[in-house]
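Being a predicted model, the structure only gives us computed values, none of them experimental.
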Amino acid sequence: MKTMPLHKQPVYIGRFAPSPSGPLHFGSLVAAMGSYLDARTHQGQWLLRMEDLDPPREKPGAADDILRTLEAFGFQWDASILYQSTRTLAYQEAVDTLIQAGHAYPCTCSRKQIAESGLIGIEGHIYPGTCRNRPAPTRQRFAIRFNTESHTVTFIDRIHGHLTQHIASEMGDFIIKRIDGLFAYQLSVVVDDAYQGITHVVRGADLLHSTPRQIMLQQRLHLETPSYAHLPLVMDENGKKLSKQTQAHRVDKKKPLPELIAAFEFLGQQ
């Protein structure tokens, strides 16, 4: 007598992770559609995560507005929404693990002190490692930085191909917990992708340079590395990326079809 096979987990689990710093704009719609279509094409799951970890940047009601907009546009997610604001204990556990293993350390340097070093990388001033070997401060407030050591990360992006980044010289030791106690994006996204079992990440190319840092964190925390695909960015008439910070116009949830068609065509679909 044959036994019935156990229920198999999907081989593809994707996600869309907006931040509630404003309404959904066309650039975000493109990212949502790209990740959604890729998941459905692979008969996978599509999850939704609200990255509500930075209260100073959040707009009241923005999270609910984003959800209503996604629903109006026909998006359907396959599990309960994960709110990062409920996950701080998991982030702190990851920080503690990295510190104990010697992969992270406290830092008391100001932005002015870092700028004075004169080291410039892909995203601006590079931290010169001032506090890397100093004793832990006992009283003053401090941030926690990840020690990038001298490692090079190489990965294959499904759109951009083979990419390599020497994190120490191009990015420097980066913050994983801010001086105000808030956890940084690079850490939280790694912890939550692992928690949700994400196998494929489809997102905008503005995060392409963040991927090596996230892969290095995954390696140090002994987590699986997802497959990555970074979509082309939607630009405004001045060649700047559409974003909430640049007051990008929100999509009209009362007229979703024209926006959906435009996003579909932007992604090169017929």
Side-chain angles (χ1 to χ4, degrees), residues 4-20 24 27-53 63 66-67 69-71 73-91 93-94 97 153-161 163 176 183-232 260 263-264 267-269:
M4 294 295 291
L6 294 175
H7 177 68
K8 294 179 67 176
Q9 288 291 102
V11 296
Y12 185 115
I13 303 178
R15 48 80 164 172
F16 177 56
S19 59
L24 200 73
S28 298
L29 176 63
V30 167
M33 176 173 278
S35 62
Y36 187 83
L37 293 179
D38 199 54
R40 296 302 182 230
T41 298
H42 290 89
Q43 291 79 48
Q45 290 187 359
W46 189 73
L47 308 184
L48 190 60
R49 180 163 76 227
M50 195 63 64
E51 297 192 335
D52 56 343
L53 265 186
I66 289 171
L67 298 180
T69 303
L70 290 172
E71 289 174 338
F73 275 67
F75 291 94
Q76 298 178 339
W77 42 95
D78 296 308
S80 300
I81 301 165
L82 182 68
Y83 290 84
Q84 287 194 323
S85 56
T86 67
R87 298 270 298 146
T88 54
L89 290 179
Y91 307 144
E93 182 179 351
T97 297
V153 171
T154 298
F155 70 104
I156 298 175
D157 185 85
R158 290 164 56 201
I159 295 173
H160 297 266
L163 298 167
I176 55 176
F183 295 95
Y185 165 76
Q186 307 294 355
L187 177 86
S188 62
V189 69
V190 163
V191 172
D192 286 341
D193 279 346
Y195 176 73
Q196 292 187 288
I198 302 301
T199 62
H200 292 72
V201 174
V202 179
R203 58 189 182 187
D206 55 324
L207 292 168
L208 187 60
H209 291 310
S210 290
T211 304
R213 280 173 282 178
Q214 293 169 20
I215 291 175
M216 195 171 182
L217 279 169
Q218 289 156 359
Q219 293 170 348
R220 294 294 179 263
L221 291 168
H222 306 290
L223 304 174
E224 294 292 327
T225 294
S227 166
Y228 289 98
H230 289 84
L231 302 170
L260 286 169
F264 202 64
L267 289 168
Q269 306 302 305

Item to check | Phe75 ring center within less than 6.0 Å of Trp46 ring center | outcome: yes
Next on the checklist: Evaluate Ile159 against His230 for side chain to side chain contact (heavy atoms under 4.5 Å, CB included), listing each step before the verdict.
Outcome noted: CA-CA 6 Å; Ile159 295 173; His230 289 84; 5.6 Å; no
Item to check | Residue pair Met33, Phe73: steps toward the side chain to side chain contact (heavy atoms under 4.5 Å, CB included) verdict | outcome: CA-CA 10 Å; Met33 176 173 278; Phe73 275 67; over 6 Å; no
Item to check | Evaluation steps, side chain to side chain contact (heavy atoms under 4.5 Å, CB included), between Phe16 and Leu70 | outcome: CA-CA 11 Å; Phe16 177 56; Leu70 290 172; 4.2 Å; yes
Checklist entry - Do Pro18 and Glu51 come within less than 4.5 Å of each other through their side chains, counting heavy atoms only? => result no
Next on the checklist: Within this structure, what is the OG1-NE2 distance for the pair Thr211 and His160, rounded to the nearest 0.5 Å?
Outcome noted: 9.5 Å
Item to check | Asp52 side, atom CG; Ile81 side, atom CD1 - distance, nearest 0.5 Å | outcome: 10.5 Å
Item to check | Distance (rounded to the nearest 0.5 Å) between Leu24 CG and Leu29 CG | outcome: 6.0 Å
Item to check | Test applied, side chain to side chain donor-acceptor pair (under 3.5 Å); reference residue, Tyr12; option that passes from Thr41, Asp38, Thr199 | outcome: Asp38
Checklist entry - Does OH in Tyr195 sit with more than 12 non-hydrogen atoms of other residues, nucleotides or ligands closer than 6.0 Å? => result no
Item to check | Any Leu53 side-chain heavy atom under 4.5 Å of Arg87 side chain | outcome: no
Item to check | Non-hydrogen side-chain atoms of Arg158 and His200 separated by less than 4.5 Å | outcome: yes
Item to check | CZ on Arg203 to OG on Ser210, rounded to 0.5 Å | outcome: 6.5 Å
Item to check | Distance (rounded to the nearest 0.5 Å) between Asp193 CG and Leu47 CG | outcome: 10.0 Å
Checklist entry - Within the side chain of Gln186, is there an N or O that forms a donor-acceptor pair under 3.5 Å with the backbone of Ala184? => result no
Checklist entry - Applying the side-chain contact (heavy atoms from CB on, under 4.5 Å) test to Leu163, which of Thr154, Val153, Leu208 qualifies? => result Leu208
Next on the checklist: As an exercise, state the distance from OG of Ser19 to CD of Gln84, rounded to the nearest 0.5 Å.
Outcome noted: 9.5 Å
Checklist entry - So does His42 have more than 12 non-hydrogen atoms from other groups sitting under 6.0 Å from NE2? => result yes
Next on the checklist: Is it the case that over 12 heavy atoms from other parts of the model lie below 6.0 angstrom from the CD atom of Glu71?
Outcome noted: yes
Checklist entry - Do the charged groups of Asp78 and Arg40 touch, with an N to O distance under 4.0 Å? => result yes
Checklist entry - Picking from Val202, Ile215, Leu207, Ile156, what satisfies side-chain contact (heavy atoms from CB on, under 4.5 Å) with Tyr228? => result Ile215
Checklist outcome for this item: Here the pair of heavy atoms bringing Ile66 nearest to Pro20 is CD1-CA, 4.1 Å
Next on the checklist: Quick test of your reading of the model: are Arg15 and Asp192 salt-bridged, counting only N-O distances below 4.0 Å?
Outcome noted: no
Item to check | Closest contact, heavy atoms only, Ala90 versus Val191 | outcome: CB-CG1, 4.2 Å
Checklist entry - side chain to side chain contact (heavy atoms under 4.5 Å, CB included) between Tyr185 and Gln214: does it pass, once the steps are laid out? => result CA-CA 10 Å; Tyr185 165 76; Gln214 293 169 20; 3.3 Å; yes
Checklist entry - Does a side-chain heavy-atom distance below 4.5 Å link Leu67 with Met50? => result yes
